[in-house]
Peer 1: 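Before we start, here is the structure in question, set down as structure tokens.
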Number of protein chains: 2
Amino acid sequence: MIRVLLADDENLIRGALAQMLDLEDDLEVVAQAATGAAALAAARAHRPDVAVLDLQMPDLDGIEVAERLGRELPGCACMIVTSHGRPGYLKRALESGVRGFLPKTTTASTLAQVVRTVHTGGRHVDPELAAEAIAAGDSPLTPREADVLEAAGSGAPVGEIAARVHLSPGTVRNYLSSATAKLGAANRHEAVSTARRMGWI
Amino acid sequence: MIRVLLADDENLIRGALAQMLDLEDDLEVVAQAATGAAALAAARAHRPDVAVLDLQMPDLDGIEVAERLGRELPGCACMIVTSHGRPGYLKRALESGVRGFLPKTTTASTLAQVVRTVHTGGRHVDPELAAEAIAAGDSPLTPREADVLEAAGSGAPVGEIAARVHLSPGTVRNYLSSATAKLGAANRHEAVSTARRMGWI
DNA sequence: AGGCATCCATGACAGATGTCATGGGTGTCC
DNA sequence: GGACACCCATGACATCTGTCATGGATGCCT
């Protein structure tokens, strides 16, 4: 019997998924959580074999939970289920020790199957998401460029960004300029869009 | 027995939801669809009593489906279930004849209850979403301002926006300027953010 | 008919932004 | 030690943007 932890902030979904997984003979949902923090607590308390984590949750996202879980409970395999498949997430997730990555558009049988796969030490990534991630490639941005571009994400003027990242306005403009050039965008706002789409910020 | 149509592009969710609704004695899921178009076709074929529609679907969104369904099948009550509760959606939905509006964070029992409510001619809107919508108020933007601001959403430079909406660059700047002023933003990109948050574009 | 909001456009100006050249500081790799 | 990438900053310049004044066209309401 594989003991499963289920974390998703959408009660409707989580409850429904739990029912569905419980229908499988070899799976048992032993705990549920609606937030990242709750997921961690539940995992410590119940020591599940597999943690099925939603990517977007109010506090910690699924990847952060997976990362901590990987350190605290090495015996627990983590997998991510997500609504929108942005390339960068997959990369981050795999680097954090996540062993399964599925979009919510998959079928119930696939989900159950992947739970079993990761439990036996295997890995499974949705083929389409994998292809997207490969097509997106690695980020051409330096860490600082990514920082500044992310801070520019709200659309704030340069001065405000500079204050937020503790840099001079001139430096901010330099970073933004170079990031914009690397991404082939017409201005920083377009650069933000493409960087987001690629999952680079 | 209330006959229910279920439309959601996420197979996982839709299947789970269907199982859950079917567990209710007085509910029966008679059709499922993964796209807006499929939902319309399924509705015509099966004539359900209640249509439970996801807001975001690949082709038509839930609100458009609801609008057409309201014209074609007046006997079918529509309700929307959504992941992210943006104020403007609720308003648009209600204007399109939607009678129920719930976030996916609700419980299964609430969902079932609301299905029954809308079936008997009642209405139900999630209290929190309703409060947000009221707080957001009406859009101060003229239709054209909203158009142009939406076209500016990608972060493209003015010239490109002008080409896309078939206006002179100067006019575009005028509209953007007035929209930005109305929204109290520092520039058009911030204006886009707040307009999106409010659901005004 | 007059008032009013909206739509579209132009011109002009100040300020914000994008780009480039330049330079100093740091750490890493060979 | 030298090449290299990255980090941070400044100054200068051209362009883009935001704002304002102005004006004509349309349609709606009273």
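So you know, we letter chains A, B, ... as the sequences are listed, proteins then strands, and number each from 1. What you see is a predicted model; the values in this text were computed from it and never measured.
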Peer 1: Do B/Ile2 and B/Glu28 touch side chain to side chain, with heavy atoms closer than 4.5 Å?
Peer 2: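 Answer no - side chains too far apart.
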Peer 1: Side-chain contact test, heavy atoms from C-beta onward, threshold under 4.5 Å: evaluate it for B/Met20 versus A/Leu12 and give yes or no.
Peer 2: yes
Peer 1: Within the structure provided, determine whether A/Leu17 and A/Leu6 are in side-chain contact (heavy-atom separation under 4.5 Å).
Peer 2: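 Heavy-atom side-chain distance check passes, below 4.5 Å.
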Peer 1: Kindly list each side-chain donor-acceptor pair under 3.5 angstrom involving residues 42-52 of chain B, sequence neighbours excluded, with atom names and distances?
Peer 2:
{"unit_1": "B/Arg44", "atom_1": "NE", "unit_2": "B/Glu72", "atom_2": "OE1", "d": "2.7"}
{"unit_1": "B/Arg44", "atom_1": "NH2", "unit_2": "B/Glu72", "atom_2": "OE2", "d": "3.2"}
{"unit_1": "B/His46", "atom_1": "ND1", "unit_2": "B/Ala42", "atom_2": "O", "d": "3.2"}
{"unit_1": "B/Asp49", "atom_1": "OD2", "unit_2": "B/Arg3", "atom_2": "N", "d": "2.8"}

Peer 1: Take atom NZ of A/Lys182 and atom C1' of C/dG18, then tell me their distance rounded to the nearest Å.
Peer 2: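 One finds 16 Å between C1' of C/dG18 and NZ of A/Lys182, rounded.
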Peer 1: Name every donor-acceptor pair, under 3.5 Å, that has one atom in a side chain of residues 169-176 of chain A and the other anywhere in the protein, sequence neighbours excluded.
Peer 2:
{"unit_1": "A/Thr171", "atom_1": "OG1", "unit_2": "A/Ser168", "atom_2": "OG", "d": "3.0"}

Peer 1: With a 4.0 Å cutoff (strictly under), does any side-chain N or O of B/Thr171 reach OP1 or OP2 of C/dC8?
Peer 2: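 So the side chain of B/Thr171 is outside the cut-off, no N or O lying under 4.0 Å from OP1 or OP2 of C/dC8.
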Peer 1: Applying the side-chain contact (heavy atoms from CB on, under 4.5 Å) test to A/Leu40, which of A/Asp59, A/Leu5, A/Leu69 qualifies?
Peer 2: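 Per the side-chain contact (heavy atoms from CB on, under 4.5 Å) rule, the option paired with A/Leu40 is A/Leu69, out of A/Asp59, A/Leu5, A/Leu69.
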Peer 1: Need to verify one output field. Residue with the more 5' nearest nucleotide on DNA chain C, B/Tyr175 or A/Leu176?
Peer 2: B/Tyr175
Peer 1: Can you tell me how far apart OG (B/Ser177) and CG (B/Asn187) are? Round to the nearest 0.5 Å.
Peer 2: 11.5 Å
Peer 1: At a cut-off of 3.5 Å, list every protein nitrogen or oxygen paired with a nitrogen or oxygen from nucleotides 14-16 of chain C, distance to 0.1 Å.
Peer 2:
none

Peer 1: Salt bridge check: are B/Lys104 and B/Asp126 linked by an N-O gap of less than 4.0 Å?
Peer 2: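 Salt bridge between B/Lys104 and B/Asp126, a charged N being under 4.0 Å from a carboxylate O: no.
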Peer 1: Tell me what A/Leu167 touches on the nucleic acid: a base, only sugar-phosphate, or nothing, going by heavy atoms under 4.0 Å.
Peer 2: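 Here A/Leu167 touches the backbone only, sparing every base.
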Peer 1: Going by side-chain hydrogen bond (donor to acceptor under 3.5 Å, both in side chains), name the residues that satisfy it together with A/Glu10, two or more places apart in sequence or in a different chain.
Peer 2: B/Ser83
Peer 1: Minimum heavy-atom separation for A/Ala185 and A/Ala191, please, with both atom names.
Peer 2: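 The pair with the smallest heavy-atom distance is CB-N, 3.4 Å.
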Peer 1: Rounded to the nearest angstrom, tell me the gap between atom CD in B/Glu190 and atom P in C/dT17.
Peer 2: 10 Å
Peer 1: Sequence neighbours left out, what passes side-chain contact (heavy atoms from CB on, under 4.5 Å) with B/Arg99? Give chain and number order.
Peer 2: B/Ala77, B/Val118, B/Arg123
Peer 1: For the atom pair CG (A/Leu53) and CD (A/Glu64), what is the distance rounded to the nearest 0.5 Å?
Peer 2: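 So the gap between those two atoms works out to 11.5 Å.
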Peer 1: What nitrogen or oxygen pairs link the protein and nucleotides 20-22 of chain C at under 3.5 Å?
Peer 2:
{"unit_1": "C/dC20", "atom_1": "N4", "unit_2": "A/Asn174", "atom_2": "OD1", "d": "2.9"}

Peer 1: Tell me, which of residues 141-154 of chain B have any heavy atom that sits under 4.0 Å from an atom in DNA chain C?
Peer 2: B/Thr142, B/Pro143, B/Arg144
Peer 1: Can you name the residues that form a salt bridge (charged side-chain N to carboxylate O under 4.0 Å, His left out) with B/Lys91, not counting sequence neighbours?
Peer 2: B/Glu95, B/Asp138
Peer 1: Send over the distance from A/Ile161 CD1 to C/dG18 C1', rounded to a whole Å.
Peer 2: 13 Å
Peer 1: How does protein reach along nucleotides 24-29 of chain D, written 5' to 3' as B (base within reach of a heavy atom under 4.0 Å), S (only sugar-phosphate), or - (no contact)?
Peer 2: ------
Peer 1: How bent is the helix from C/dA1-D/dT30 to C/dC30-D/dG1, measuring the angle between the end axes built from five pairs each, rounded to 10°?
Peer 2: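 One end axis against the other gives 30°.
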Peer 1: Any side-chain N or O of A/Ser168 below 4.0 angstrom from OP1/OP2 of D/dT10?
Peer 2: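 Looking at the OP1 and OP2 atoms of D/dT10, one of them is under 4.0 Å from a side-chain N or O of A/Ser168.
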Peer 1: Rounded to the nearest 0.5 Å, what separates atom OG1 in A/Thr107 from atom CZ in B/Arg14?
Peer 2: 10.5 Å
Peer 1: Under the rule for side-chain hydrogen bond (donor to acceptor under 3.5 Å, both in side chains), what residues qualify as partners of A/Glu150, not counting sequence neighbours?
Peer 2: none
Peer 1: Can you list everything that forms a side-chain hydrogen bond (donor to acceptor under 3.5 Å, both in side chains) with B/Asp22? Sequence neighbours excluded, please.
Peer 2: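 Checked B/Asp22 against side-chain hydrogen bond (donor to acceptor under 3.5 Å, both in side chains); zero matches.
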